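Convention: sequence-line order gives letters A, B, ...; per-chain numbering from 1. Predicted model only: the values in this text are computed from it and were never measured. Note that these values count all heavy atoms, side chains included, but never hydrogens, waters or copies made by symmetry.
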Amino acid sequence: MLLIKCPWCGERAETEFSCGGEAGITRPANPDSLTDAEWADYLFMRKNPRGAHAELWNHSLGCRRWFGVERDTVTYRIAKTCKLSPGKTD
Amino acid sequence: MQPNRIDKGGRIDRSQPLRFRFNGRTYEGFAGDTLASALLANGVLLVGRSFKLHRPRGIVGAGAEEPNAIMQIGTGAEALPNRRATQVSLHDGLVARSTRGWPGLRFDVGAVNNLFSRVFAAGFYYKTFMYPQALWKYYERFIRRSAGFGKAPRKPDPDRYDHRNAHCDVLVAGAGPAGLMAALAAAKSGARVIIADDQPEFGGSLLASSQTIDNKAADEWLDDIVTELAQLDGVTMLNRSVVFGYHDHNFLTIAENRENHVRQRLWRVRARQVILAQGAFERPLVFCNNDRPGVMLASAVSTYINRYAVCPGKRAVVFTNNDSAYQAAIDLHGAGATVSAVVDSRMQGAGELAKAVEQAGIPVFHGHVVTDVTGQKRVSGVRIAKWNGDADSLVENTISIDCDLLAMSGGWNPAVHLHSQSGGKNVWDEELHCFVPGDAVQAEISVGAGIGQWSLSDCLRSGLEAGNEAAMRCDFATAEMVAPLANDAATQALQPLWRVPAAKDPDRCPKQFIDFQNDTSVTDIRLAVREGYRNVEHVKRYTALGFGTDQGKLGNINGMAVLAESLGEQIPAVGTTTFRPPYTPVSFGVCAGESIGDLYDPVRKTAIHEWHQSAGAAFENVGQWHRPWYFPRRGEDLHAAVARECLATRQSVGMLDASTLGKIDVQGKDAVEFLERIYTHNVGKMKNGRCAYGIMLGEDGMVMDDGVMARIGDNRFYLTTTTGGAANVMSWLESWLQTEWPELDVYLTSLTDHYSTIAVAGPNSRRLLQKVGCSIDLANEHFPFMTMQTAELAGVAVQLFRVSFSGELAFEVNVNSNYAQHMWQTLMDAGQEFDITPYGTETMHVLRAEKGFIIVGQDTDGSVTPVDLRMNWLLSRDKDFLGKRSLSRPDCLRDDRKQLVGLLPEDNKTVLPEGTQLIENPSATAPVPMCGHVSSSYMSACLGHPIALALVAGGHSRKDETIYASLADGSAIPVRIVSAVFYDQKNERQND
C-alpha cells in the first residue's frame with residue numbers, strides 16, 4: 001500500500017486517496033473547432049509509460065484536494081507530490 | 001505413557017500434562033508442546049496421506065515448512081482446516097484430525113492411485129479430465145472429494161478478529177539470534193521497534209540449540225536478551241505472529257494468533273526500516289522413497305529432541321551433504337537413540353562436529369548416499385551405496401541398514417520470501433549453493449541465516465550491525481554494543497546433491513519426491529521437460545511443484561535444480577519463481593477483521609427512519625441508504641401495497657421521504673459561469689427562484705446524472721443529484737474546479753444530510769400545506785410550477801420547491817433534518833382528512849415511469865446520450881458544456897442508437913421482467929440478434945395495464961411498431977412501441 005504525501009495533510013495511506021490518472025490533460029479551449037480525431041485524442045488517449053508518470057491524485061477521504069504526483073509505474077516510487085497551482089486552493 | 005518422551009530437558013512443562021484427541025484417540029502431551037511434538041512423543045508418525053497418490057506420510061519438519069502434517073483443528077463452527085501440526089500449540093482438550101485419507105489413514109481407498117502412479121504423472125488431470133468437457137462436472141465431483149485439505153466449517157465463525165494499524169521505526173521479522181540482536185540494537189538507540197515471530201516463544205534456532213553464547217548456555221542467553229528487550233521503551237514484542245506480507249512503501253502485514261477474546265489480529269504496519277531475519281529452511285534430499293514416514297529433516301530431529309524432549313526414533317541413520325546434520329547425530333546419541341550410521345555424500349569428509357560423532361562411536365560413511373528406503377507406513381531400513389558424484393551412474397545397493405528414523409539434510413535455503421515480496425530479486429550464491437536476497441529495493445536489510453550465514457556468531461553480528469544501520473537511517477544515535485561470540489564448530493563446505501543415483505533408471509525407479517505435498521517427483525519434472533516445458537513458471541504449473549499450502553518451502557530449490565539439470569542449464573539460468581503474500585496461509589477471518597455482518601458497510605438512515613419503522617415499512621437498500629420500499633397494510637404484499645399507494649397519491653395526496661437526494665449548495669461570483677459549463681441548459685437565463693431540470697454529461701457525451709437545480713440568488717444555486725450519484729457528482733464538480741478551472745470563484749457544500757426532503761404529491765397537496773399553515777401564498781399564480789421559495793411551514797423554516805417527480809401537483813419540503821420527523825408527523829396528522837398515504841421507492845418508481853421520467857443508472861447505463869432520451873430541448877446551442885463536443889461524434893449521430901421508448905405488452909397483462917431482451921423475429925434461430933432491452937417495467941394501477949420503458953435501436957422512429965420480448969422460458973411475446981409518457985401527456989396535473 002503506497003504512502004502518499006498529500007501537500008496539505010502530509011503522509012497518508014493510499015486507501016485515503018483516489019487516482020485521477022495522467023496529469024496535464026488540458027481541456028481544449030474551443031472544442032467545436034477540433035476535428036473528431038483531435039477531440040478523441042483529448043477524450044480517450046492517455047500515456048501508459050513504463051517508468052516516470054505524472055499523475056493527478058485526490059485526497060478523497062481526507063481534505064478532498066487534488067494534487068500532482070510523480071510516480072514510477074515500475075517501482076511505485078513517488079519522486080514528489082505538489083500542489084496544482086497557486087491561488088485559492090492554497 | 002509417552003514412549004518417545006525423554007526424561008529431562010526441553011522447554012516443556014512436565015507438571016502440566018494436557019490431554020488431546022487425534023483421529024478419535026486420546027493422547028497426552030505437555031504444556032509447551034506443539035501438536036506435532038506431542039504426536040511424536042506418543043509414537044504417532046503417520047499423520048496424513050499424500051495429495052495425489054495417497055501415500056502414507058509422516059511429520060517431516062518442525063515449523064512453517066511442514067508439508068505433510070496438515071490438520072483439521074477443533075470441531076463445529078470453530079474448526080480450523082489446513083493447519084500445520086508443527087505450528088499448533090497444544091492445549092488441553094484439543095481435537096485434531098488428519099485432513100486426508102478416506103475412510104481412514106491406515107487404510108486409504110485412494111492409495112490404489114499409488115499402484116498406478118505412472119498413470120498419475122505430471123499434467124495427468126489436464127490430459128485426462130479436460131475432454132470431453134461435458135463430463136467435467138462428473139470428474140470434478142470425484143476429484144474434489146478425494147483431494148483437498150480439510151473441510152471449511154458450515155456455520156459462521158463465532159470468533160472475533162480485529163485489525164490494528166501501527167507505525168514503527170524498525171520492524172524486525174523473526175526473533176531468532178539475528179532478529180533479537182537487531183531489535184536490541186535498534187531499541188537501545190531509541191527507535192520504536194516491533195519484533196514479530198511465528199513461534200509461541202522468541203528464540204528461533206536458540207530454542208533447540210546446544211551451543212553457548214559468550215560462555216552462557218544458549219537458552220540462558222536467550223532469556224536474558226528477551227528480558228532486556230521487554231524492559232526497553234517503545235518495543236512491541238509479538239509472538240505467535242507471522243509477518244506474512246511485505247507490500248509497497250514498507251507496509252507489512254502480520255497475523256497474530258491470540259489467546260483472549262480476539263482470536264486473531266491483523267497488524268497493518270508502516271515501518272520506516274525493516275529487518276528480515278526469518279532464518280532458513282533445511283533442504284530435503286531426493287532419493288527413492290524419501291517420503292516414507294520416519295524420514296525427517298535433521299534439524300527437525302534436533303528440535304524435537306532439544307526443545308520438546310522427544311526422540312522421534314530408536315535406531316537412526318543420518319544422511320547429509322553438509323556439516324549441520326552431524327548435530328542431529330550427536331543429539332540423537334545423547335537422547336539415547338542408536339545412530340547406526342552417518343551417510344555423508346561428500347568425498348572429503350566433514351569438520352569438527354564429525355570428530356564428536358566419531359568419538360561417540362558412530363560409523364561415518366564418506367562418499368556414500370542413501371539410495372532407497374524400505375518400509376511402507378514407517379521406515380524399516382535404508383540401502384546405502386558408494387557413489388562417484390555422478391547422479392546418472394547406476395549404483396549397486398551395497399549395504400542395508402535397519403533403522404526407524406532417517407534424518408536428512410541437503411543444506412539450507414534462506415527464507416527469501418519477504419525480500420522477494422518487497423520487490424527484491426534473489427540471486428544464486430555459487431559458494432553457498434542457495435538463493436540469497438539480492439539488493440534491497442525498499443528500506444530493508446536481510447540478516448542471519450536469511451542471507452546464508454550458517455554460524456551463530458555471524459548471525460549475532462549481522463543482526464547487531466543491521467539493527468544499528470536501521471537505527472541510523474532513522475536518525476537515531478546507536479548505542480555501543482559488542483557482538484556476542486558463540487562456540488561455533490569449524491565446518492567443511494557443503495557439496496550440492498540435488499538427486500541421488502538410483503539402482504534403476506531414474507524414470508523407472510521408486511519415486512524420488514521433490515514436493516511432498518503435491519507428490520511432485522523427479523520423473524514428473526523430467527517428463528515436463530520432455531514434453532517441451534522450458535520456463536520454470538510453466539513447469540511449476542504443469543507439475544504442481546510448490547503449489548501446496550507450504551508453497552514449496554522444502555522442495556522448490558531441489559525442483560529447480562532437477563529442472564536445470566534436465567534442461568542442461570545452470571540453476572541461476574532457470575531462475576526462481578515469484579513469491580507472493582501470504583508467506584504462510586492466513587485465515588479469511590483475520591483478513592475480514594471486524595468488517596463482517598452489520599459492520600461490513602456503513603448504513604445510512606434518513607432523519608425520518610424511526611417513523612418509517614414504526615409504520616411497518618418494508619425497506620430496500622439504495623447504496624448505503626436504507627429507504628422505505630413500501631408501507632404494507634395488513635395482508636398486503638408488495639403489489640397490493642404499491643397499487644394502493646399509487647392510486648391514493650394520484651387521487652388525493654401521498655408523501656415520500658426523498659431525503660436521500662444529493663444536495664449541493666453552490667456559491668461564488670462565478671457560480672453561473674461554472675454551472676453553465678457543467679449543465680447542458682442555459683443556467684444564466686434562470687431568474688432567482690426558478691427551478692430547472694438539469695442533466696450533467698461526461699466528456700464522452702453520456703448522461704452522468706440528473707436532478708432539479710434551483711437559482712436561489714444571483715450567485716447562489718442549490719443542486720440536487722440522484723441518491724446514488726451524490727458523492728460522485730460532488731467529486732466531479734470539485735475536480736473541475738480544482739484541476740481545470742481554479743480561476744473560478746466557486747464554493748461547493750454538501751447539504752445532503754443537513755436537509756431532509758419530504759415530497760408531498762397529489763391533487764390535495766396544496767390544501768394539506770395550507771392546512772398546517774404556510775407563510776406564503778401557494779396559489780398557482782404566486783407559486784407556479786418549477787419555482788422555489790423560502791417559507792415557514794407549520795411554524796418551521798423550510799425551502800419549498802414546486803417540483804414533481806410523480807406528474808402530480810406536488811411540493812418538495814426541504815427542512816433542517818432536526819425538524820424532519822416533526823414535520824413529517826405534522827403533515828401526516830393533518831393529512832388524515834385527505835387519507836394521506838405514505839409511499840416508498842417502489843411507488844415513486846411506478847409514478848415516475850408512468851410519466852416517462854428516467855432514473856439515471858436504470859434507464860441509462862453510461863452509453864446513453866440526451867438525444868437518445870429525447871432531451872434535445874435541454875441542450876443549449878448558445879454555449880459550450882461538458883460533453884457537448886462528443887454529441888457530434890459519428891457514433892453519437894447513428895440512426896440505430898438505442899433510444900428510450902415506451903413499451904406496451906400486446907396481451908395487456910404481462911409485466912416484462914426488467915432486463916428482458918427485445919428481438920425483431922420470434923421464430924429466428926439462435927443466435928438471435930437483440931434490438932434492445934427493457935429498462936423499467938411495472939404494473940400501472942392507474943392505467944390498469946403494465947407499462948415499460950425500453951432502449952430500442954432506432955426506437956424514436958419506430959412508434960406503433962411491434963417487436964418481441966424474449967422471456968426466460970424461451971417464449972417471445974409481442975410488444976408495441978409507444979411514447980415513453982403514458983400518463984397525462986399534456987402535463988396538466990403538475991401545472992395545476
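Heavy atoms of B:Tyr246 lying under 4.5 Å from chain A are absent altogether. With a 4.5 Å cut-off on non-hydrogen atoms, A:Ala13 touches chain B through its backbone and its side chain both. With a threshold of 4.5 angstrom between heavy atoms, A:Trp39 approaches chain B through side-chain atoms but not through N, CA, C or O. When heavy atoms are compared at a cutoff of 4.5 Å, B:Ser888 approaches chain A solely by way of its backbone atoms N, CA, C and O. For A:Phe67, no part lies under 4.5 angstrom from a heavy atom of chain B. With a 4.5 Å cut-off on non-hydrogen atoms, A:Thr35 touches chain B through its backbone but not through its side chain. Proximity to chain B (any heavy atom under 4.5 Å) is restricted, for A:Leu43, to the side chain, taken from C-beta onward. For A:Ser18, no part lies near chain B; criterion is any non-hydrogen pair under 4.5 Å.
Within a 6.0 Å sphere centred on CZ of A:Arg46, heavy atoms belonging to other residues, nucleotides or ligands number more than 12. Within a 6.0 Å radius of CG in B:Asp601, more than 12 heavy atoms belonging to other residues, nucleotides or ligands are found. Atom CG of A:Asp32 has more than 12 heavy atoms from other residues, nucleotides or ligands within 6.0 Å. Atom CG of B:Asn165 has more than 12 neighbouring heavy atoms from other residues, nucleotides or ligands inside a 6.0 Å radius. Within a 6.0 Å sphere centred on NZ of A:Lys5, other residues, nucleotides and ligands contribute 12 heavy atoms or fewer. More than 12 heavy atoms of other residues, nucleotides or ligands sit less than 6.0 Å from atom CZ of A:Phe44.
Rounding to the nearest 0.5 Å places CZ of B:Arg885 at 10.0 Å from CG of A:Asn30. Remark: A:Tyr42 OH to B:Ser886 OG distance equals 8.5 Å, nearest 0.5 Å. To the nearest 0.5 angstrom, A:Leu2 atom CG is 12.0 Å from B:His247 atom NE2. Here B:Arg268 contributes atom CZ and A:Met1 contributes atom CE; the two are 4.5 Å apart, rounded to the nearest 0.5 Å.
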**Request:** Would you please test A:Arg65 and B:Gln738 for side-chain contact (heavy atoms from CB on, under 4.5 Å) and show each step?
**Result:** CA-CA 8 Å; A:Arg65 284 282 150 209; B:Gln738 288 182 34; 3.1 Å; yes
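B:Ser735 is not listed as a side-chain neighbour of A:Asn58, based on a closest heavy-atom distance of 4.5 Å or more. Side-chain contact between A:Leu84 and B:Thr739: present, with at least one pair of heavy atoms (C-beta onward) separated by less than 4.5 Å. Using a 4.5 Å heavy-atom threshold, the side chains of B:Glu740 and A:Ile25 count as separate. In this structure, A:Glu14 and B:Phe251 have side chains that are not in contact, with every pair of non-hydrogen atoms separated by 4.5 Å or more.
Ion pairing of A:Arg77 with B:Asp248 is absent here, as no side-chain N (NZ or NE/NH1/NH2) approaches a carboxylate O to less than 4.0 Å. Using a 4.0 Å cut-off between charged nitrogen and carboxylate oxygen, B:Arg270 and A:Glu11 do not count as a salt-bridge pair.
B:Asp880 and A:Arg27 make their closest contact through OD2-NH1, 2.9 Å (heavy atoms, listed as atom of the first residue, atom of the second, distance).
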